[in-house]
Amino acid sequence: MKKTYTVMSIVAGAIIMSALPALAEEAATAHQVICQNNSDSIQERIGRLDREIVRGTAVYSPEELKKLQKERSDAGKIRDYVNNNEPSGSL
């Protein structure tokens with residue numbers, strides 16, 4: 001009985017070890033798909049921020065507008081850096 005238990009344990013361990021690479025690849029692929037679906041391009045982000053800034057104080061407090069404008073400025077710097085491959089001010 002002890003010998004059977006040992007053999008079964010070794011077989012189960014081997015099966016689990018052989019399945020790990022396939023599970024890891026599946027998880028990595030799923031993560032890539034999720035990230036691709038949820039991430040905005042820099043242009044989309046700038047457009048979204050511009051639309052929100054235009055809504056103005058009717059929707060946002062002055063502090064919130066400053067934060068949106070700062071985010072818009074940062075996104076513009078990133079876009080300029082990517083397009084020109086050089087910084088436009090500090091990031």
Side-chain angles (χ1 to χ4, degrees):
M1 187 69 168
K2 188 175 182 181
K3 185 177 181 180
T4 304
Y5 177 72
T6 303
V7 171
M8 294 291 277
S9 296
I10 292 172
V11 171
I15 291 171
I16 291 171
M17 294 298 283
S18 66
L20 287 178
L23 293 173
E25 183 178 335
E26 182 179 325
T29 303
H31 179 71
Q32 282 179 326
V33 169
I34 289 169
C35 288
Q36 288 172 353
N37 290 340
N38 289 337
S39 64
D40 291 340
S41 73
I42 193 68
Q43 283 302 118
E44 291 170 334
R45 180 166 175 75
I46 288 171
R48 185 174 48 80
L49 288 167
D50 284 340
R51 286 189 301 275
E52 294 302 314
I53 290 169
V54 168
R55 294 173 74 185
T57 56
V59 177
Y60 296 105
S61 70
E63 294 83 23
E64 290 172 323
L65 281 173
K66 280 185 180 182
K67 183 179 177 190
L68 288 172
Q69 289 167 343
K70 171 80 168 99
E71 287 182 37
R72 169 56 174 91
S73 175
D74 291 346
K77 289 177 184 177
I78 292 169
R79 180 201 56 214
D80 293 344
Y81 181 79
V82 169
N83 288 340
N84 301 325
N85 201 18
E86 59 186 51
S88 61
S90 64
L91 293 177

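Cluster membership for Ile42 and Val82, using ILVMFWY side-chain heavy atoms within less than 4.5 angstrom, is shared. The cluster map of Ile, Leu, Val, Met, Phe, Trp and Tyr, joined by side-chain heavy atoms under 4.5 Å apart, puts Leu68 and Val54 in different clusters.
Checked against side chain to side chain donor-acceptor pair (under 3.5 Å), Arg79 has no partners two or more places apart in sequence or in another chain.
Here the side chain of Ser73 pairs no donor or acceptor atom with the backbone of Gln69 at under 3.5 angstrom.
No side-chain heavy atom of Arg72 sits less than 4.5 Å from a side-chain heavy atom of Glu52. No side-chain heavy atom of Lys67 sits less than 4.5 Å from a side-chain heavy atom of Glu63.
Nearest approach of Arg45 to Arg48, heavy atoms of both residues: NH1-NH2, 2.9 Å. Ala75 approaches Ile46 most closely through the heavy-atom pair CB-CG1, 3.7 Å.
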